[in-house]
K.L.:
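Here you go, one structure.
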Amino acid sequence: MNIKKLNKNHYYILTANLLANIGNGLHTMALGSLLYSYTGSSISFGVVYILEASVNIFLQMFAGSATDNYKSKSILLIADSIRGLCIVLCCALAFLTNKVFLFVTIMTILINIVKPFSRSASFVIVTRMSSDGQVIEKFNSVQSSVIQAGQLIGLTLVGILLRFISPFAILIFDGIFYIISAFFVGLIDSKSLAMELTGERSKKMSVKQFIEEWIATGRILITDKVLLVMLLLTTGDYLFVNFFNLSIAPLVSIYFNNNSLWISVLEMSFAIASLLPGVILAYLTYKFERKNIQILMITFSLLSFIFMATTLGKTFAVVLTFTLGFATTTSNILLYTKVQKQSPANIRGKVASLRNMLVSLFTILCVPIVTTAQDSSLNLGF
């Protein structure tokens with residue numbers, strides 16, 4: 001893929017994202033291992049997960065408004081720094097005091113206070129570097145591969161490291177990755193962000209201004225039907241991934257005699273496929289219309305998910321998960337870029353936050369339905 005239009009500031013963000021996602025890969029498994037080893041129950045991890053989702057949803061609106069009114073670089077820098085320092089300090093205190101659940105809860109709350117701000121700022125910052133849609137799309141394509149690669153590296157590392165060192169040490173490494181990520185964000189030339197600073201202010205926001213801005217955003221979304229539809233469609237791609245993750249264990253149980261090795265094989269098939277769009281999307285968009293690619297990828301995603309309900313052979317299962325990984329990632333890159341370009345500059349942060357809220361809310365609403373349907377299918381023999 002030709003990425004010559006990306007400049008050094010894009011690469012600083014990509015490096016920061018790679019490091020942050022290595023940290024993400026380390027975090028989830030190490031945290032689960034830590035809680036289980038100290039509590040002997042998976043319920044504690046579930047409590048932390050619910051707490052994480054609740055804090056995240058609640059703060060999305062504030063994150064969107066902050067991103068639209070202040071510097072995205074500063075928000076990213078502060079968010080990554082707080083997250084890294086918080087993880088290191090809380091893990092150190094948990095180890096020294098043996099009050100694991102207390103400090104893990106504090107860590108989770110603090111991380112999820114800053115996470116919505118980081119996500120909204122990440123959505124906005126590339127559009128403030130360039131208004132060129134092709135540059136934004138190329139960046140999103142490479143970023144998608146970088147994020148997936150970072151998570152794969154993190155998950156691979158944590159599986160190896162847990163054999164030799166404690167989860168505490170791994171989580172501290174996680175925090176260090178975030179601190180280094182913040183360093184690379186700090187290297188971004190602030191002058192490169194002059195493209196869209198019209199919405200940034202140095203004064204504090206009032207409650208009245210906060211409410212008025214969100215009302216205005218709602219009106220824009222009602223008026224701009226294209227943006228609203230694109231926003232809803234982007235949540236669909238994430239739901240496909242969530243449903244895949246929920247479905248993979250029951251599928252392996254039914255069709256592969258509960259051989260856990262096949263969970264890794266199918267997850268790896270999905271992950272490798274998710275790396276490819278970052279390499280070949282530029283070629284696809286050069287040869288075909290984006291609209292046609294989008295329709296084809298959504299169709300492939302639907303068909304792959306539907307065929308997973310059939311009796312699977314091993315080869316067919318790998319092909320389906322590979323197709324689903326490639327199709328959902330490609331579709332998400334195109335939709336994500338479309339939403340970035342379609343959103344007015346002064347509400348992009350709020351659009352990003354709204355998108356994140358919709359993903360969380362739809363997941364919360366749909367997961368019980370999907371899991372109930374899975375249990376019914378298992379009971380009926382399907």
Side-chain angles (χ1 to χ4, degrees), residues 15-59 63 75-119 121-122 146-186 245 260 263-264 267 360:
T15 304
N17 282 335
L18 177 64
L19 293 166
N21 280 281
I22 292 174
N24 283 340
L26 293 172
H27 188 89
T28 303
M29 191 177 290
L31 182 61
S33 175
L34 176 66
L35 287 173
Y36 189 80
S37 64
Y38 272 81
T39 65
S41 170
S42 59
I43 294 175
S44 58
F45 189 61
V47 170
V48 170
Y49 182 83
I50 292 170
L51 181 64
E52 177 178 333
S54 301
V55 173
N56 212 300
I57 292 172
F58 177 73
L59 289 170
I75 292 172
L76 268 178
L77 181 61
I78 293 169
D80 280 358
S81 298
I82 290 175
R83 184 167 182 169
L85 290 170
C86 167
I87 292 171
V88 171
L89 290 174
C90 285
C91 286
L93 289 170
F95 177 76
L96 293 172
T97 63
N98 208 33
K99 295 179 179 179
V100 176
F101 192 75
L102 171 64
F103 284 106
V104 165
T105 301
I106 293 171
M107 177 181 73
T108 300
I109 292 173
L110 291 175
I111 286 173
N112 286 282
I113 286 173
V114 300
K115 189 185 289 184
F117 294 87
S118 177
R119 287 179 175 173
S122 295
V146 164
I147 289 171
Q148 192 66 46
Q151 290 175 346
L152 281 173
I153 293 169
L155 288 169
T156 303
L157 283 175
V158 75
I160 297 169
L161 292 174
L162 280 171
R163 293 174 175 270
F164 303 103
I165 60 178
S166 74
F168 284 114
I170 295 172
L171 286 168
I172 288 174
F173 280 126
D174 168 27
I176 292 170
F177 274 115
Y178 268 98
I179 292 169
I180 301 172
S181 172
F183 169 76
F184 278 97
V185 171
N245 290 329
S260 59
I263 293 179
S264 299
E267 288 279 12
S360 298

K.L.:
Kindly compute the distance separating CD1 (Ile153) from CZ (Phe177), expressed to the nearest 0.5 Å.
P.N.:
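Answer for the CD1-CZ pair, Ile153 versus Phe177, is 8.5 Å.
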K.L.:
Taking all heavy atoms of Leu59 and all of Asn112, pick out the closest pair and write down the distance.
P.N.:
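Closest pair (atom of Leu59, atom of Asn112, distance): CD1-O, 3.9 Å.
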K.L.:
For the atom pair CD1 (Ile179) and CD1 (Ile82), what is the distance rounded to the nearest 0.5 Å?
P.N.:
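Output value for this atom pair is 12.0 Å.
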K.L.:
Would you call Phe103 and Asn98 a side-chain contact if the rule is heavy atoms closer than 4.5 Å?
P.N.:
no
K.L.:
Between Thr108 (side chain) and Val104 (backbone), is there a donor-acceptor pair under 3.5 Å?
P.N.:
yes
K.L.:
Looking at CG of Leu93 and CG of Leu102, how far apart are the two atoms once the value is rounded to the nearest 0.5 Å?
P.N.:
9.5 Å
K.L.:
What's the separation between atom OG in Ser122 and atom CD1 in Ile147, rounded to the nearest 0.5 Å?
P.N.:
8.0 Å
K.L.:
Report the residues that fulfil side chain to side chain donor-acceptor pair (under 3.5 Å) with Asn17, sequence neighbours left out, ordered by chain and then residue number.
P.N.:
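Asn17: side chain to side chain donor-acceptor pair (under 3.5 Å) contacts with Gln143.
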K.L.:
What distance separates Ser118 OG from Ile78 CD1, expressed to the nearest 0.5 Å?
P.N.:
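Those atoms lie 11.5 Å apart.
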K.L.:
Got a sec, which residues hit side-chain contact (heavy atoms from CB on, under 4.5 Å) with Ala182, two or more places apart in sequence or on another chain?
P.N.:
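In terms of side-chain contact (heavy atoms from CB on, under 4.5 Å), with neighbours along the sequence ignored, Ala182 is linked to Leu77, Asp80, Ser81.
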K.L.:
Are any non-hydrogen side-chain atoms of Ile165 and Phe173 less than 4.5 angstrom apart?
P.N.:
yes
K.L.:
Does any non-hydrogen side-chain atom of Ile87 lie less than 4.5 Å from one of Ile111?
P.N.:
yes
K.L.:
Taking side chain to side chain donor-acceptor pair (under 3.5 Å) as the definition, give me every residue that meets it alongside Gln151, ordered by chain and number, with sequence neighbours left out.
P.N.:
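Applying side chain to side chain donor-acceptor pair (under 3.5 Å) to Gln151 gives Asn21.
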K.L.:
For a quick test of reading the model, state the closest non-hydrogen atom pair linking Cys90 to Ile106 and the distance between them.
P.N.:
SG-CG2, 4.2 Å
K.L.:
For Gly84 and Tyr178, work out which heavy atoms get closest and say how close.
P.N.:
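Smallest heavy-atom distance, with atoms named: CA-CB, 3.7 Å.
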K.L.:
Taking Asp174 as the fixed residue, which of Ile170, Ile176, Ile172, Leu171 is the one that meets the side chain to side chain contact (heavy atoms under 4.5 Å, CB included) rule?
P.N.:
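Running side chain to side chain contact (heavy atoms under 4.5 Å, CB included) over Ile170, Ile176, Ile172, Leu171 with Asp174 returns exactly one hit, Leu171.
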K.L.:
Taking all heavy atoms of Phe168 and all of Ala94, pick out the closest pair and write down the distance.
P.N.:
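The pair with the smallest heavy-atom distance is CE2-CB, 3.7 Å.
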